Amino acid sequence: MVGLGFIPMNFFKLAFLACFIFSCLSLGTPSQACDPNDLLALKEFAGNLTNGSIIATWSNDSICCEWEGIKCDHGGNGSSTTRVSILNLSGKGLRGSISRSLGSLDELKLLDLSCNPSGW
Ligand SMILES: *[C@@H]1O[C@H](CO)[C@@H](O)[C@H](O)[C@H]1NC(C)=O
Ligand SMILES: *[C@@H]1O[C@H](CO)[C@@H](O)[C@H](O)[C@H]1NC(C)=O
Ligand SMILES: *[C@@H]1O[C@H](CO)[C@@H](O)[C@H](O)[C@H]1NC(C)=O
Ligand SMILES: *[C@@H]1O[C@H](CO)[C@@H](O)[C@H](O)[C@H]1NC(C)=O
Ligand SMILES: *[C@@H]1O[C@H](CO)[C@@H](O)[C@H](O)[C@H]1NC(C)=O
């Protein structure tokens, strides 16, 4: 009898928590995907890096706006895709060549590749 009072309480708590988590997920997801062309450019760039601490964190394509060193902005003109606007890989210990593909990040506003080992 005493316990009965607690079961619905816990159920409500769980249900509330589940709703909360779901609303967080559905709010958070759309801003994480970057423009497919930007993704290609970043992947080509990463393919030309021979070493560096970012490579491991650049593995999940579906959240490329959250990759280390990357920040995205909504493209101009009310576009729904998010474009890569900042690429800051300063001091990440990168080596390799800088791919021409970076040129196709046409919404890029800031590129910081300073403080990486020579060989760039
Ligand atoms: C490295 O860059 C060159 C020229 O930009 C490109 O043709 C090549 O596919 C890149 N390599 C990789 C592994 O992506
Ligand atoms: C490549 O990275 C690894 C781990 O980050 C490091 O131990 C190694 O010294 C690096 N190699 C070069 C040539 O920088
Ligand atoms: C990539 O990230 C998404 C969103 O966070 C996640 O749902 C998915 O499981 C991840 N994929 C991998 C292979 O980690
Ligand atoms: C914005 O959209 C208009 C109409 O679709 C187009 O004419 C214009 O070129 C676009 N501007 C940019 C910067 O993409
Ligand atoms: C890039 O990141 C480094 C280290 O996090 C920071 O010191 C530097 O100011 C950043 N560069 C720009 C232009 O924001």
Side-chain angles (χ1 to χ4, degrees):
M1 269 302 197
V2 176
L4 274 180
F6 287 95
I7 293 165
M9 269 309 251
N10 282 337
F11 178 79
F12 273 118
K13 276 188 191 165
L14 270 180
F16 178 75
L17 203 64
C19 281
F20 186 71
I21 289 170
F22 263 107
S23 66
C24 280
L25 281 180
S26 58
L27 282 176
T29 309
S31 62
Q32 293 168 342
C34 69
D35 181 87
N37 294 320
D38 288 356
L39 178 61
L40 272 181
L42 290 173
K43 299 216 50 118
E44 195 175 326
F45 168 71
N48 265 319
L49 296 176
T50 53
N51 209 357
S53 54
I54 55 156
I55 305 294
T57 74
W58 282 27
S59 52
N60 189 341
D61 292 358
S62 60
I63 53 169
C64 59
C65 284
E66 296 186 349
W67 289 355
E68 194 175 339
I70 307 265
K71 290 221 162 41
C72 294
D73 257 344
H74 287 287
N77 244 352
S79 138
S80 60
T81 59
T82 44
R83 304 296 313 269
V84 173
S85 65
I86 292 178
L87 184 56
N88 181 357
L89 302 175
S90 169
K92 298 293 183 201
L94 304 179
R95 277 168 205 270
S97 58
I98 296 175
S99 166
R100 280 166 185 273
S101 68
L102 283 189
S104 52
L105 296 173
D106 47 38
E107 293 288 327
L108 194 66
K109 298 182 181 77
L110 190 151
L111 175 64
D112 188 346
L113 297 174
S114 59
C115 304
N116 281 299
S118 58
W120 278 84

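Since the model is a prediction, treat every value here as computed from it, not as a measurement. One-based numbering, in listed order, for ligands and for the atoms of each. Heavy-atom basis, side chains included; hydrogens, waters and symmetry copies ignored. Heads up: numbering here begins at 1 and tracks the sequence.
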Q: Below 4.0 angstrom, counting only protein heavy atoms, does anything approach atom 12 (C) of ligand 5?
A: yes
Q: Quick one: look up the protein heavy atom nearest atom 14 (O) of ligand 5 and list residue, atom name and how far away it is.
A: Asn88 ND2, 3.7 Å
Q: Taking 4.0 angstrom as the limit and counting only heavy atoms of Ile63, give me the atoms of ligand 3 inside it, by number and element.
A: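 By the 4.0 Å cutoff, the relevant atoms are 2 (O), 4 (C), 5 (O).
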Q: Can you list the ligand 3 atoms lying under 4.0 Å from a non-hydrogen atom of Asn60?
A: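 Once the distances to Asn60 are compared, the set is 1 (C), 2 (O), 3 (C), 8 (C), 10 (C), 11 (N), 12 (C), 14 (O).
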Q: Can you check whether Trp67 reaches Leu39 side chain to side chain, under 4.5 Å on heavy atoms?
A: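 They are in contact (side-chain heavy atoms under 4.5 Å apart), so the answer is yes.
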Q: Check for a donor-acceptor pair, side chain of Asp38 on one end and backbone N or O of Val84 on the other, with a separation under 3.5 Å.
A: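 Indeed, once roles are kept as given, a pair shorter than 3.5 Å links the two residues.
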Q: Give me the one residue out of Leu87, Leu105, Ile86 that meets side-chain contact (heavy atoms from CB on, under 4.5 Å) with Leu111.
A: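 Going through Leu87, Leu105, Ile86 one by one, the side-chain contact (heavy atoms from CB on, under 4.5 Å) with Leu111 is satisfied by Leu87 alone.
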Q: Considering only heavy atoms from C-beta outward, does the side chain of Leu49 approach that of Trp58 to under 4.5 Å?
A: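 No. Closest side-chain heavy atoms not under 4.5 Å.
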Q: Test disulfide (SG to SG under 2.5 Å) on Cys72 and Cys65 and set out the steps.
A: CA-CA 6 Å; Cys72 294; Cys65 284; 2.0 Å; yes
Q: What are the atoms of ligand 3, with element, lying closer than 4.0 Å to any heavy atom of Ser62?
A: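 Atoms satisfying the 4.0 Å criterion: 1 (C), 2 (O), 3 (C).
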Q: Using a heavy-atom cut-off of under 4.0 Å, does the side chain or the backbone of Leu110 touch ligand 5, or both, or neither?
A: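 The answer is the side chain.
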Q: Kindly compute the distance separating OG (Ser104) from CG (Leu40), expressed to the nearest 0.5 Å.
A: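 Nearest 0.5 Å value for the OG-CG distance: 8.0 Å.
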Q: Can you confirm whether something in the protein, heavy atoms only, sits under 4.0 Å from atom 7 (O) of ligand 5?
A: no
Q: For ligand 5 and Ser90, I'd like to know whether there is a polar contact (N/O to N/O, distance under 3.5 Å).
A: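 No, since none of the N or O atoms of Ser90 sits under 3.5 Å from an N or O of ligand 5.
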